[in-house]
Amino acid sequence: MNAPVLDVRNLRIRLPAGGDRAYAVNDVSFTVSPGEVVCLVGESGSGKSVISFSVMGLLAKALEIESGGIALQGENLVGASEARLRALRCTRMGMIFQEPMTALNPVMRCGAQIDEVLREHTDLSASMRKTRVLEMIRQVRLPDPERMYTSFPHQLSGGQRQRVMIAMALILEPALLIADEPTTALDVTTQAQILKLIKEMQQTKGAGVLFITHDFGVVAEIADRVIVLKHGSLVEMGGATEVLMRPQQAYTRMLIDAVPAHDPPARQPIAETEPFALRTVDLAKSYNTISLLGRKRSVAAASEVNIEIRRGQTLGIVGESGSGKSTVARCIARLIDPSEGRVLIGGKDFASARLDQLHAMRRKVQVIFQDPYRSLSPRRTVGASIIEGPMNYGIGREEAMQRARKLLDILRLEPSALDRYPHEFSGGQRQRICIARALAMEPELLIADEAVSALDVSVQAQVLRLLEEIRHSLNLAVLFITHDLRVAAQVCDLVAVMCKGRVVEYGSAMQIFTAPQHEYTRALLDAAPGRHFAFAQAGAAA
């Protein structure tokens, strides 16, 4: 058997003093062999990314490796000089980060960023480097290599930027590739392409892959072995099929049970006597652009969108990035002005309302955004953020605070949370706070725009259950925007599938997920990670 490319032995990484835990990583041991994909899974704070950063020599200064070893092809990395670690990066170990837009330099062309790896670590001439870069761009299946070479990161899609990161990581054919949540923010088809590409690169180059994820669907698609972490400690390790089908530990079973099922449950139909909370009529949004040559062009982000939601009903809008999902949501909330069409909320047209009329109408529509940390002001207490909206609409401070306390109780947060700041909470808790802030306005329509996509599966399941409970108890209408088809299957009564700005299929969740009519819908469903894997779970957590 080949010697492991990565050997982590009894690794212990101390946290700064004063926290609830002494160690970010506590006595963890595992190996990655050449040509093997090992998945590290666990909730936020389990130590997954800390391990990957310690291997790359990128550990935060506040963290300290107290004991243990990290060997790359037999060479111990613990205590290695910065110069040695810099020499090993890209040549013998490479890393794909979660968010390529922050990992890539926004003012450097993509070709130059890939070329920088060659300039730093090889003696190739400029022409030879460019040839090698273009060849690598083709290998990661980016279209029009010459254009990609000269493009800036912001000119590419999320999937294309991630391919540039993969090209940078693999251009020197390192023995170890670390992928830290590389598909979390991508839609299902792009995600499937990236997973296939990583698998192909691993097989053709013979590299060992340490793949970090909280998505068990991704684990089912790509892993040879699985390592489950909890609070920095290793709780289970084994072959992928063994762990996913026959988990031995309660924590592993809990994580697997939290994975939303691909098949929708039977849902109680909403009575047709319920009034419509939202109807759009031929809603459209276009943007006018001017090229460098001065040519004007109109780009349709959404066209002829007709959807409707009754009180107590959830409508999901699904589709790839750029399909128009968020554009439609922003037009409905009047965060951007529609170009054409009507948005009827409570019988009044939101789309044509004047600015002076919008203030009174906006209370009826509230939005929960994807990133709760960016949605909340870091300088304001949770209580101040929740009561701000009601007070702007004439509610007294004491009444607004009473409403906030009641909402926190419904969302299972302690009343003391009102006096604390957003950074003192976990991601799932912050998203509950954002839900409380939206509900404090007593809206008729709640728009959840990728509201659970960045959360761990267990936290995601909790938030989805809470949204369901709130929808039933308050008889709310919910517009649920997501690229995760598994989540849409579990929480939506109706589903609208969008492609290139148009609704290509519309119907009940049961019909869309069990008997899709449109070719695009079938392609989306087939690309969903883990769709063809029978997990050891009783059903969806949502």
Side-chain angles (χ1 to χ4, degrees), residues 1-15 23-42 46-60 63-97 121 169-170 172-182 198-199 201-213 219 222-243 248-249 252:
M1 184 176 176
N2 293 332
V5 64
L6 176 67
D7 188 355
V8 175
R9 279 281 167 260
N10 306 116
L11 185 64
R12 185 169 278 151
I13 300 175
R14 180 172 286 280
L15 283 166
Y23 296 99
V25 177
N26 190 9
D27 198 26
V28 170
S29 299
F30 65 90
T31 61
V32 180
S33 298
E36 181 183 39
V37 179
V38 175
C39 279
L40 282 182
V41 297
S46 63
K48 307 186 302 291
S49 292
V50 173
I51 290 173
S52 69
F53 289 150
S54 65
V55 173
M56 292 294 294
L58 300 173
L59 204 59
L63 299 176
E64 173 192 351
I65 296 180
E66 183 178 275
S67 61
I70 302 171
L72 177 68
Q73 293 182 309
E75 179 178 348
N76 187 23
L77 303 182
V78 177
S81 67
E82 180 56 39
R84 181 56 183 157
L85 289 169
R86 195 181 301 116
L88 291 173
R89 292 182 198 127
C90 296
T91 58
R92 284 168 57 187
M93 56 182 179
M95 188 163 183
I96 308 166
F97 295 94
H121 296 285
L170 291 176
L172 290 177
E173 301 187 4
L176 174 68
L177 177 65
I178 299 175
D180 189 0
E181 299 273 14
I198 290 174
K199 193 74 173 175
M201 293 288 106
Q202 167 253 329
Q203 290 171 345
T204 57
K205 309 294 185 186
V209 178
L210 183 62
F211 197 103
I212 295 164
T213 183
V219 173
I222 201 169
D224 295 310
R225 282 194 301 131
V226 180
I227 296 166
V228 182
L229 298 172
K230 179 183 180 182
H231 300 325
S233 297
L234 194 155
V235 297
E236 188 160 356
M237 178 167 59
T241 302
E242 184 69 23
V243 172
Q248 300 301 305
Q249 301 299 319
T252 309

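FYI, the numbering just counts along the sequence from 1. Keep in mind that the numbers below use all heavy atoms, side chains included, and drop hydrogens, waters and symmetry copies.
When all heavy atoms of Leu234 and Ser29 are compared, the closest pair comes out as CD1-O, 3.5 Å. Contact record, Ser52 with Ile212: CB-CD1, 3.3 Å, taken as the closest heavy-atom pair. Closest non-hydrogen pair, Ile222 versus Cys39, comes out as CG2-SG, 3.9 Å. Shown here for Ala3 and Pro34, the closest heavy-atom pair between the two residues is O-CD, 3.4 Å. Shown here for Pro174 and Ala207, the closest heavy-atom pair between the two residues is O-CB, 3.6 Å.
The shortest side-chain heavy-atom distance between Arg84 and Glu75 falls under the 4.5 Å cut-off. Put simply, the side chain of Leu63 reaches to within 4.5 Å of the side chain of Leu15, judged on heavy atoms. Inter-residue side-chain proximity for Val55 and Leu176 is flagged as met; some heavy-atom pair is nearer than 4.5 Å. Side-chain contact check for Leu6 versus Phe30: some heavy-atom pair is nearer than 4.5 Å. Between Met93 and Ile178 the shortest side-chain heavy-atom distance does not fall below 4.5 Å.
With sequence neighbours excluded, the residues satisfying side chain to side chain contact (heavy atoms under 4.5 Å, CB included) with Ser233 are Asn26. Annotation: side chain to side chain contact (heavy atoms under 4.5 Å, CB included) contacts of Ser46 (sequence neighbours excluded): Lys48, Leu229. By the side-chain hydrogen bond (donor to acceptor under 3.5 Å, both in side chains) test, Thr252 pairs with Glu236, sequence neighbours left out. Annotation: salt bridge (Lys or Arg N to Asp or Glu O under 4.0 Å) contacts of Asp7 (sequence neighbours excluded): Arg9. Residues meeting the side-chain hydrogen bond (donor to acceptor under 3.5 Å, both in side chains) test with Arg86, sequence neighbours left out: none. In this view, Gln73 and Arg92 satisfy the side-chain hydrogen bond (donor to acceptor under 3.5 Å, both in side chains) rule, not counting sequence neighbours. With sequence neighbours excluded, the residues forming a side chain to side chain contact (heavy atoms under 4.5 Å, CB included) with Ala169 are Ile96, Leu177, listed by chain and number. Evaluation of the side-chain hydrogen bond (donor to acceptor under 3.5 Å, both in side chains) rule for Glu66 yields Arg14, Tyr23 as partners, not counting sequence neighbours.
Atom CD1 of Ile70 and atom OG of Ser54 lie 3.5 Å apart (nearest 0.5 Å). With values rounded to the nearest 0.5 angstrom, Ser49 atom OG is found 11.0 Å from Leu59 atom CG. Within the model, atoms CZ of Arg89 and CE of Met95 stand 10.5 Å from one another, a figure rounded to the nearest 0.5 Å. For the atom pair CG (Leu210) and OG1 (Thr31), the distance works out to 10.5 Å, reported to the nearest 0.5 Å. Here OG1 of Thr91 is found 12.0 Å from CD of Glu173. Values are rounded to the nearest 0.5 Å. Residue Met56 holds its CE atom at 9.5 Å from CG of Leu72, rounded to the nearest 0.5 Å.
Of the residues Ile227, Val226, Val228, Val28, the one that meets the side-chain contact (heavy atoms from CB on, under 4.5 Å) test with Leu40 is Ile227.
Sorted by first and then second residue, the salt bridge (Lys or Arg N to Asp or Glu O under 4.0 Å) pairs with a member in residues 27-40 read Glu36-Arg225; sequence neighbours excluded.
At least one donor-acceptor pair under 3.5 Å links the side chain of Asp224 to the backbone N or O of Val37.
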